[in-house]
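What follows is a set of notes on a single structure, which appears directly below.
Remember, it's 1-based here, ligands and their atoms both numbered in the order they're listed.
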Amino acid sequence: MSFAIAPPPQPSVAIAASDQRFPVRRIFCVGRNYADHVREMGNDPKSEPPLFFSKPADAVVESGAAIVYPSNTSNLHHEVELVIAIGIGGSNIDEASALSHVWGYAVGVDLTRRDRQAEAKKAGTPWDTAKGFDHSAPVGALTPASASGDPARARIWIKVNGETRQDAATGDMIWSVPEIIAALSRWWELKPGDLIFTGSPSGVAALNPGDTIECGIDGLAPLSFSIAR
Ligand code: MN
């Protein structure tokens, strides 16, 4: 077989303390998964099932990168999130076995064109331009699940230019890691290489050119990046 154009490169993320890389197949995201953030966005935390959206696989950005401020927004927001990497796929996965599908975990940031998202919500139109843009998914190095401690019971934080913006407990997620995997696998057959951004706590705020961002989750490799001037 030959391709009519050069095949696209395989998106991937680093693995902590390893020369190997984790190939990224798809990026799924959970919306509205911390009650404080649901309230700060003007919604009722208990009223809805998990909300899923996605980003292209090649939206991933390596720790240490300088990200160009995206086009068509004047309100770029950070959302620090626990990221699940799926190692074993499946459909209709039950909560009891969900963790056996997890390869590892990382800290990531769901970059958001907040002005475009607000317009989409108001108009009832899709979120793709608000959420699924180029370079919208910075992800730190993955840590294998066996070496991750308990990232679902950890502190999650982000600092911008040294100032803490979000500082929360992943245990406060409305939908737990097993519940997210079970629910998502009823909409899509999960495949090895899928990443799942699990939602952001409160404190989302704007990023500007020249900002330096550092974030972490206890037990996982940290993530840092900047917004280019
Ligand atoms: Mn998010």
| Neighbour count above 12 (heavy atom, 6.0 Å) for Arg229 CZ | no
| said: Looking at Trp187, I'd like to know if its CH2 atom is crowded, meaning that more than 12 non-hydrogen atoms belonging to other residues, nucleotides or ligands lie closer than 6.0 Å. | reply: no
| field | Atoms (protein N, O or S; no water) under 2.8 Å from the Mn ion (ligand 1) | value | 3
| According to the interplanar angle, ranging from 0 to 90°, do the rings of Phe28 and Trp188 count as parallel (below 30°), tilted (30 to 60°) or perpendicular (above 60°)? | tilted
| Run the salt bridge (Lys or Arg N to Asp or Glu O under 4.0 Å) check on Glu119 and Arg116 step by step: do they pass? | CA-CA 5 Å; Glu119 290 168 358; Arg116 300 292 85 84; 2.8 Å; yes
| How close do Ala16 and Thr143 get, heavy atom to heavy atom, and via which atoms? | CB-OG1, 4.0 Å
| field | Members sharing Met1's hydrophobic cluster (side chains within less than 4.5 Å) | value | Phe3
